[in-house]
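Remember, it's 1-based here, ligands and their atoms both numbered in the order they're listed.
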Amino acid sequence: MKRALITGVTGQDGAYLAKFLLEKGYEVYGTYRRLSSPNFWRLQYLGIFDKVNLIPVDLSDTSSIFEAIKTSEPDEIYHLAAQSFVGASFEQPIATGDISGLAVTRILEVVRQVNPEIKFYQASTSELYGNSREEGILNEETPFRPASPYAAAKLYGYWTTRIYRDAYGIFAVNGILFNHESPLRGLEFVTRKISNAVAKIALGLEKELRLGNLEAKRDWGYAPEYVECMWLMLQQDEPDDYVIATGEAHSIRKFCETAFDIVGLDWQEYVSVDKRFMRPLDVKYLCGDYSKAKNKLGWEPRTKFKKLVEIMVKEDLNRWERWLNGENFPWDAPNYPSEVKILTRTLRT
Ligand code: NAP
Ligand code: G4F
């Protein structure tokens with residue numbers, strides 16, 4: 001039986017990947033950070049909480065990483081843990097550099113010293129391109145031009161991965177994944193912020209939605225499909241880097257329009273622009289060319305924009321309805337101050 005170690009198993013991708021690997025027959029180990037209140041709602045939501053071997057790890061501490069790798073003895077490491085919110089990276093640039101950037105070297109150093117046969121996946125990102133292009137399609141050859149402390153940290157991780165591959169022959173790959181979303185997306189990211197607000201507004205629990213830059217365009221795919229690529233990349237004969245995307249870009253404005261349409265409301269009556277959600281520097285446009293992944297991995301996106309928006313809005317509606325009906329279930333709203341205010345003032349049946 002193959003063994004996999006997933007860093008950041010409590011996150012959106014970590015949870016979906018753990019489920020995918022368990023279904024493939026892997027023994028799955030996952031690292032999480034020790035918090036005063038545990039945060040395992042995604043693993044519980046997917047019904048796999050008791051199937052994953054959980055290891056507490058501090059990514060700023062190499063000895064902690066060493067312990068996790070010694071304990072799990074993995075064939076494959078999927079390094080997904082990161083401070084992944086671009087907006088927060090402007091407020092916490094140094095911590096983001098340490099966790100989203102330097103930690104890659106800490107892990108690869110342990111791999112090099114303990115067992116260089118371990119295969120390594122690095123969660124690289126379309127944010128690496130920054131404002132490299134304002135139209136067209138981005139592929140593995142397009143130059144990077146990071147536009148946030150998060151992207152700069154990820155650029156470091158990207159190159160470290162390539163350096164350990166070229167210098168030490170480690171099977172280390174970069175998945176350059178464009179935005180991918182799902183009902184397990186964190187509530188601070190724009191897609192889930194919108195789907196959650198639409199659900200609350202439709203049920204009369206909220207009156208408005210405040211957003212930042214409505215003109216930015218993103219290439220949004222469906223997260224469960226994207227984690228399959230991570231695994232595919234590690235099953236190839238040779239390590240390489242791949243763009244994973246849908247090849248379509250839509251604006252935040254379009255996402256709002258589509259999401260409000262699903263519940264029969266006009267988005268313009270509810271959405272306003274609030275400077276608090278504008279970034280000091282924003283990436284205007286991202287659209288990816290997944291031809292290499294299609295040709296070499298045999299991968300193609302199956303869920304496109306409209307279906308993705310529908311999945312997210314329907315699941316958030318379902319959650320708020322269940323909440324109003326007095327049900328308890330794995331959910332992230334109770335972890336967010338803005339949502340707790342609504343949860344505590346709402347009378348449940
Ligand atoms: P996510 O939901 O935010 O999950 C991030 C994971 O990292 C969580 O398990 C989180 O733990 C952990 N983490 C955060 N800060 C940490 C810290 N200081 N120390 C240790 N662990 C920490 O992100 P995701 O969407 O699953 O993304 C997974 C990876 O892919 C990330 O590296 C992200 O940068 C990258 N990526 C994501 C996308 C996308 O569109 N989703 C696209 C390209 C690349 P907690 O649960 O405790 O917060
Ligand atoms: O949803 P976002 O916060 O995602 P962003 O910045 O594209 O980053 C995500 O995708 C990257 C891959 O390209 C990952 F590497 C990264 O870890 C993360 O998963 O913002 C998307 C766009 C931005 O242009 C932002 O300015 O939406 C715009 N936006 C407008 N109003 C907003 C809001 N973003 C957020 N989070 N909240 C708003 O109110």
Side-chain angles (χ1 to χ4, degrees), residues 6-18 30-35 37-43 56-61 64-65 78-89 92 95-96 98-101 103-104 121-130 138 146-148 150-151 153-154 157-158 174-182 184-194 197 209-223 226-227 230 243-245 251-253 255-256 271 273-286 288 332 335:
I6 303 172
T7 69
V9 78
T10 55
Q12 170 188 257
D13 291 6
Y16 281 124
L17 178 64
T31 77
Y32 68 100
R33 54 176 163 168
R34 212 184 277 284
L35 299 168
S37 307
N39 169 32
F40 298 118
W41 77 276
R42 292 185 175 95
L43 299 176
V57 167
D58 186 332
L59 286 175
S60 60
D61 185 337
S64 167
I65 295 168
Y78 297 87
H79 177 43
L80 309 185
Q83 191 302 94
S84 71
F85 186 36
V86 175
S89 78
Q92 302 160 9
T96 302
D98 189 56
I99 295 303
S100 307
V104 180
Y121 173 88
Q122 164 61 8
S124 284
T125 163
S126 49
E127 277 291 306
L128 294 174
Y129 297 112
L138 306 151
S148 65
Y150 166 81
K154 285 285 184 176
Y158 170 91
N174 285 290
I176 307 169
L177 271 53
F178 282 62
N179 298 51
H180 44 282
E181 319 291 316
S182 74
L184 297 190
R185 191 56 144 150
L187 273 170
E188 58 272 54
F189 298 93
V190 77
T191 53
R192 179 87 196 293
K193 183 174 171 180
I194 297 169
L209 168 60
R210 289 168 181 261
L211 295 172
N213 180 8
L214 300 182
E215 309 312 325
K217 289 188 173 168
R218 290 290 182 276
D219 179 332
W220 284 297
Y222 186 40
Y226 282 44
V227 301
M230 301 175 182
V243 161
I244 304 297
S251 65
I252 313 301
R253 181 184 293 273
F255 197 105
C256 286
V271 176
V273 171
D274 186 332
K275 279 188 182 161
R276 279 184 305 152
F277 300 110
M278 296 281 191
R279 295 174 184 171
L281 189 60
D282 202 8
V283 174
K284 291 182 192 149
Y285 167 89
L286 291 174
D332 52 346
N335 304 336

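For ligand 2, the atoms closer than 4.0 angstrom to any heavy atom of Val86 are 6 (O), 8 (O). Annotation for ligand 1: atoms under 4.0 Å from non-hydrogen atoms of Leu59 are 20 (C). Heavy-atom contacts of Leu286 reach the following atoms of ligand 2: 13 (O) (cutoff under 4.0 Å). Near Thr125, meaning under 4.0 Å from one of its heavy atoms, ligand 2 places the atoms 11 (C), 12 (C), 13 (O), 14 (C), 15 (F). Each of the atoms 29 (C), 30 (O), 32 (O), 35 (C) of ligand 1 lies under 4.0 Å from some heavy atom of Ala123. Annotation for ligand 1: atoms under 4.0 Å from non-hydrogen atoms of Gly11 are 2 (O), 4 (O), 8 (C), 9 (O), 26 (O). In the vicinity of Lys193, heavy-atom distances shorter than 4.0 Å reach the ligand 2 atoms 38 (C), 39 (O). Contact atoms of ligand 2 toward Ser84: 16 (C), 17 (O), 18 (C) (distance under 4.0 Å to a heavy atom of the residue). Near Gly212, meaning under 4.0 Å from any of its heavy atoms, are these atoms of ligand 2: 30 (C), 31 (N), 33 (C), 39 (O). Under a 4.0 Å criterion applied to the non-hydrogen atoms of Ala216, ligand 2 contributes the atoms 24 (O). Taking every heavy atom of Ser126 and a limit of under 4.0 angstrom, the matching atoms of ligand 2 come to 12 (C), 13 (O). Counting atoms of ligand 1 from 1 in the listed order, those under 4.0 Å from a heavy atom of Thr125 are 43 (C), 44 (C).
For ligand 2, the polar-atom distance check finds no N/O of Phe277 at less than 3.5 Å from any of the ligand's N/O atoms. The shortest N or O to N or O distance between Gly14 and ligand 1 is not under 3.5 Å. Looking at Thr191 next to ligand 2, no N or O pair under 3.5 Å apart turns up. Polar contact with ligand 1: present for Gly8 (N/O pair, distance under 3.5 Å). Among the atoms of Asn179, none of the N or O lies under 3.5 angstrom from an N or O of ligand 1. For ligand 1, one of its N or O atoms has an N or O atom of Asn39 under 3.5 Å away.
At least one heavy atom of Arg185 sits closer than 4.0 Å to an atom of ligand 2. Contact annotation: Phe85 has no heavy atom less than 4.0 Å from any atom of ligand 1.
Nearest to atom 2 (O) of ligand 1 among the protein's heavy atoms is Gln12 N, 3.0 Å. Among all non-hydrogen protein atoms, the one lying nearest atom 13 (N) of ligand 1 is Ala82 O, 3.6 Å. Here the protein heavy atom with the shortest distance to atom 27 (O) of ligand 2 is Ile252 CD1, 3.2 Å. At the top of the distance list for atom 24 (O) of ligand 2, counting protein heavy atoms only, stands Asp282 OD2, 2.9 Å. Nearest protein neighbour of atom 36 (N) of ligand 1, counting heavy atoms only, is Tyr150 OH, 4.0 Å. Given atom 31 (C) of ligand 1, the protein heavy atom at minimum distance is Leu80 O, 3.0 Å. Counting protein heavy atoms only, atom 23 (O) of ligand 1 is closest to Ser84 OG, 3.4 Å. Atom 23 (C) of ligand 2 has its closest protein heavy atom at Arg218 NH2, 3.4 Å. Here the heavy atom of the protein found nearest to atom 22 (C) of ligand 1 is Arg33 NE, 3.7 Å.
Aromatic pair Phe255/Trp220: ring centres closer than 6.0 Å. Centroid-to-centroid, the aromatic rings of Tyr32 and Phe40 come within less than 6.0 Å.
Compare Ser89, Ala151, Ser124, Gly186 by their heavy atoms: the one nearest to atom 44 (C) of ligand 1 is in Ser124. The option from Ile6, Val86, Thr10, Thr191 that lies nearest to atom 8 (C) of ligand 1, judged by heavy atoms, is Thr10. When the options Glu127, Gln12, Lys217, Arg279 are ranked by their closest heavy atom to atom 6 (O) of ligand 2, first place goes to Arg279. For atom 43 (C) of ligand 1, the nearest non-hydrogen atom from the set Leu177, Thr7, Leu35, Thr96 comes from Leu177. Considering each of Asp13, Asp98, Asn335, the one bringing a non-hydrogen atom nearest atom 26 (O) of ligand 1 is Asp13. Of the listed residues (Arg185, Gln122, Glu188, His180), the one carrying the non-hydrogen atom nearest atom 42 (C) of ligand 1 is His180. Distances from atom 4 (O) of ligand 2 to the heavy atoms of Leu281, Val190, Asp13, Asn179 show the closest one on Asn179.
Residue Lys217 places its NZ atom among 12 or fewer non-hydrogen atoms of other residues, nucleotides or ligands, all under 6.0 Å distant.
In Lys154, neither the side chain nor the backbone holds a heavy atom less than 4.0 Å from any atom of ligand 2. Using a 4.0 Å cut-off between heavy atoms, Leu214 makes no contact with ligand 2 at all. Residue Lys154 touches ligand 1 through its side chain alone, judged by heavy-atom distances below 4.0 Å. Residue contacts with ligand 2, taken as heavy atom pairs separated by less than 4.0 Å, involve Glu188 solely via the backbone atoms N, CA, C and O.
The side chain to side chain contact (heavy atoms under 4.5 Å, CB included) test with Asp61 singles out one residue from Ile65, Asp58, Leu59, and that residue is Asp58.
Between the side chain of Arg192 and the backbone N or O of Arg185, at least one donor-acceptor pair lies under 3.5 Å.
Electrostatic pairing of Arg218 and Asp282 counts as a salt bridge here, judged by a charged N lying under 4.0 Å from a carboxylate O. Comment: Glu215 engages Arg253 in a salt bridge, judged by a side-chain N to carboxylate O separation of less than 4.0 angstrom.
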- Message: Checking Trp41 against Thr10 for the side chain to side chain contact (heavy atoms under 4.5 Å, CB included) test, could you report, in this order, the C-alpha distance in whole Å, the side-chain angles of both residues, the deciding distance, and whether it holds?
- Response: CA-CA 8 Å; Trp41 77 276; Thr10 55; over 6 Å; no

